[in-house]
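Quick notes on the structure that follows.
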Number of protein chains: 2
Amino acid sequence: MSRAKDKNPIPSVWTREQRRTDQPALSRDAIVREAIAMLDAEGIEALSMRKLGARLNAGATSLYRHVATKDELMELAVDEVAAEIHVPPAGDPDWRAAVTEAAGSFRTTALRHPWLTLVLGQAGLAYLGPNYMSFSERLAALFTAAGFPEPSRAIDAVFSYVIGMSTTEAAWLTTVARSGETEAEFVARLLPTAQQVSAGYDHLAAAGPETSAEATDPAKLRDDKFAYGLEVVLDGLALRLPK
Amino acid sequence: MSRAKDKNPIPSVWTREQRRTDQPALSRDAIVREAIAMLDAEGIEALSMRKLGARLNAGATSLYRHVATKDELMELAVDEVAAEIHVPPAGDPDWRAAVTEAAGSFRTTALRHPWLTLVLGQAGLAYLGPNYMSFSERLAALFTAAGFPEPSRAIDAVFSYVIGMSTTEAAWLTTVARSGETEAEFVARLLPTAQQVSAGYDHLAAAGPETSAEATDPAKLRDDKFAYGLEVVLDGLALRLPK
DNA sequence: CCCCTGTGCGTACAGTGTTCGCATCGAAGG
DNA sequence: CCTTCGATGCGAACACTGTACGCACAGGGG
């Protein structure tokens with residue numbers, strides 16, 4: 001909220017606003033929270049420092065008192081969101097269920113914040129904040145307790161798959177969201193052209209999208225696809241468990 | 001090359017340049033090729049329409065005669081680069097070797113053009129150009145010939161892993177390149193702080209970066225890590241082959 | 001009372017993608 | 001040969017972007 005209103009062309013002590021106790025002021029946490037809200041609602045390219053400042057009843061440059069740069073703000077947002085990922089505590093004898101839970105939690109978090117994978121692809125997941133560190137730590141505990149001789153290699157294998165699939169899904173959902181349609185509508189509208197394009201490719205047409213008229217829920221199809229690939233990776237990892 | 005030089009303030013028929021036969025003019029292919037060269041050399045955020053135009057001895061807005069928008073240009077660049085990915089022809093009885101070759105080719109292409117995964121994450125790999133289509137077609141042929149009952153699911157499993165690992169590696173290499181150091185130097189400089197940070201996390205410290213003084217070639221470590229995860233996925237897939 | 005430190009913000013700069021209308025070209029048609 | 005025309009290049013302009021700088025003000029401690 002600006003101190004001198006535009007409607008009062010003559011600045012004076014009396015026209016000045018009394019206080020600004022209406023909002024809990026401007027803090028780093030509030031900025032990060034609002035940035036995440038904007039990113040979720042309008043996408044990554046809609047976030048600008050000016051719009052973010054306006055949302056917080058502040059000027060654009062005021063944000064720089066609490067955040068060094070926009071890139072740093074994005075890193076803070078990533079770490080904030082990383083806290084949402086749930087990793088079961090180590091000790092569960094059913095390690096596959098625990099890893100499945102962690103992988104699924106990563107995926108739903110990435111789909112809830114479709115900009116996450118984009119930022120990860122730019123910054124890499126090295127050197128990151130406390131929430132990301134504790135996420136990694138809990139994963140390491142989980143895989144170590146499961147008995148893997150090289151936990152970090154196993155983690156990399158599983159989560160490379162999870163990141164790759166989540167990235168693809170997030171990009172797809174972003175495209176769908178931009179169309180303004182539901183996923184089912186979008187698929188229905190795209191199906192004829194997709195079949196037409198893949199008509200010239202024998203094996204793509206054979207293995208391609210189901211031509212069956214029974215249009216299954218696309219979200220369920222994605223769930224199944226993710227689960228299938230995850231089972232593949234876990235089966236491969238199970239072969240490497242000692243004993 | 002501008003038609004009226006700045007050094008001749010009075011435009012006239014005589015001061016005008018004769019011809020512009022020095023370059024093969026401006027074509028969509030030339031634009032895409034030069035864009036890829038710029039992207040490889042200076043990174044994704046260094047590519048602007050003005051700089052690209054300048055490199056081609058053209059004005060920025062001239063590019064728009066051949067390319068509708070910058071996003072379209074990026075899609076063209078992605079498809080151009082997709083032609084570099086080598087997929088062995090279907091028929092080789094050793095399907096693991098063939099898939100390993102295709103996966104490795106994707107990875108090296110993604111690392112040679114570190115902006116690839118970023119654009120893929122934004123656009124998704126649906127609906128793409130001819131080179132990407134034939135890449136997918138050849139993959140489908142390969143996995144079908146290998147005998148997989150659901151080739152698309154197997155492809156998604158393998159290449160989600162490949163994409164995830166390549167994205168992470170590309171981000172890492174981009175960070176290294178920005179530092180101006182070699183990968184080994186960068187690792188050496190980062191190691192003390194990495195150990196210090198992970199000191200508070202028991203399992204991370206245990207499973208973390210090797211403290212051994214014998215500094216192996218980081219590139220080889222990455223190669224091994226990629227190969228390990230790929231073997232994991234292929235082992236899991238092999239269990240799903242009939243018979 | 002004064003000063004000092006922290007916070008907000010108006011202005012400005014260099015850069016971005018893209019649109020528009022004008023200038024100019026090579027080729028086609030009479 | 002002259003004219004017309006569609007294709008191509010481009011300068012100027014618009015609406016933005018991230019960010020540096022310096023001033024204005026607040027509250028608190030000496």
Side-chain angles (χ1 to χ4, degrees), chain A residues 1-6 8-9 11-31 34-35 38-39 42-77 122, chain B residues 1-6 8-9 11-31 34-35 38-39 42-77 122:
Chain A
M1 195 156 295
S2 61
R3 215 155 285 147
K5 282 193 173 179
D6 300 329
N8 296 315
S12 137
V13 200
W14 312 112
T15 62
R16 203 177 294 139
E17 292 182 13
Q18 296 273 67
R19 301 238 169 208
R20 54 196 159 84
T21 53
D22 44 1
Q23 291 295 350
L26 214 48
S27 77
R28 165 178 283 211
D29 281 337
I31 292 175
E34 196 66 29
M38 272 193 80
L39 286 167
E42 315 192 35
I44 198 174
E45 75 283 353
L47 177 69
S48 80
M49 298 302 269
R50 283 179 237 265
K51 289 182 198 161
L52 180 57
R55 269 225 201 193
L56 290 159
N57 291 338
T61 62
S62 306
L63 307 175
Y64 285 88
R65 293 284 174 195
H66 307 268
V67 152
T69 186
K70 192 190 178 184
D71 286 348
E72 182 185 301
L73 172 60
M74 297 303 288
E75 284 188 36
L76 291 172
Q122 280 170 20
Chain B
M1 192 156 296
S2 60
R3 219 153 283 147
K5 283 193 170 178
D6 300 326
N8 295 315
S12 138
V13 198
W14 311 111
T15 61
R16 203 177 295 140
E17 291 182 12
Q18 296 273 66
R19 301 234 171 211
R20 56 198 157 84
T21 53
D22 44 1
Q23 291 294 349
L26 214 49
S27 78
R28 164 179 283 210
D29 280 338
I31 293 175
E34 196 65 30
M38 272 193 80
L39 286 167
E42 315 192 35
I44 198 174
E45 74 283 353
L47 177 68
S48 80
M49 298 303 269
R50 283 180 237 266
K51 288 183 199 162
L52 180 57
R55 269 227 201 192
L56 290 160
N57 290 339
T61 63
S62 307
L63 308 175
Y64 285 89
R65 292 284 173 192
H66 307 268
V67 153
T69 187
K70 192 189 180 184
D71 287 348
E72 182 186 301
L73 172 60
M74 297 303 287
E75 284 189 35
L76 290 171
Q122 280 171 19

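Below, read A as the first sequence line, B as the second, and so on, with proteins coming before strands; counting in each chain starts at 1.
Regarding Met49(A), its CE atom lies at a distance of 21 Å from the P atom of dC13(C), rounded to whole Å. Atom CE in Met74(A) sits roughly 15 Å away from atom P in dT17(D) (whole-Å rounding). Across the protein-nucleic acid pair, Tyr64(A) atom OH and dC13(C) atom C1' stand 14 Å apart, rounded to whole Å. For the pair Glu72(A) CD and dT19(D) P, the computed distance is 10 Å after rounding to whole Å. Going from atom CD of Glu45(B) over to atom P of dG15(C) covers 15 Å, rounded to whole Å. Atom-to-atom, CG of Leu63(A) to P of dT17(D) comes out at 13 Å; the value is rounded to the nearest Å.
Between the Lys70(B) side chain and the Leu47(B) main chain, a donor and an acceptor come within less than 3.5 Å of each other. Arg50(B) places no side-chain N or O within 3.5 Å of a backbone atom of Ala60(B) that could act as its donor or acceptor partner. Not a single donor-acceptor pair under 3.5 Å links the side chain of Thr69(B) to the backbone N or O of Glu72(B).
Counting only heavy atoms from C-beta on, Arg65(B) has its side chain closest to dC10(D) among dT17(D), dG22(D), dC10(D). Checking dG9(D), dG8(C), dT18(C) against the side-chain heavy atoms of Ser62(A) singles out dG8(C) as nearest. For Thr61(A), the listed nucleotide lying nearest its side chain is dG10(C); candidates were dG10(C), dT18(C), dA12(C). When distances run from any side-chain atom of Lys70(B) to the nucleotides dT18(C), dC9(C), dG18(D), the shortest one goes to dT18(C).
Atom CG of Leu26(A) and atom NE2 of His66(A) lie 4.0 Å apart (nearest 0.5 Å).
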Query - Glu34(A) and Lys51(A): CA distance, side-chain angles, deciding distance, salt bridge (Lys or Arg N to Asp or Glu O under 4.0 Å) verdict - result: CA-CA 11 Å; Glu34(A) 196 66 29; Lys51(A) 289 182 198 161; over 6 Å; no

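Among the heavy atoms of the strands, none lies under 4.0 Å from Leu52(A). Among the atoms of the strands shown, only primed sugar atoms or phosphate atoms (P, OP1, OP2) are found under 4.0 Å from some heavy atom of Ser48(B). Within 4.0 Å (heavy atoms only), Leu47(B) reaches sugar-phosphate atoms of the nucleic acid but no base atom.
If you check distances only, the side chain of Arg50(B) never reaches the base of dG15(C) with a donor-acceptor pair under 3.5 Å.
Within the structure, every side-chain polar atom (N or O) of His66(A) is placed at least 4.0 Å from both OP1 and OP2 of dG6(C). Contact annotation: Lys51(A) side-chain N/O to dC16(D) OP1/OP2 distance is not under 4.0 Å.
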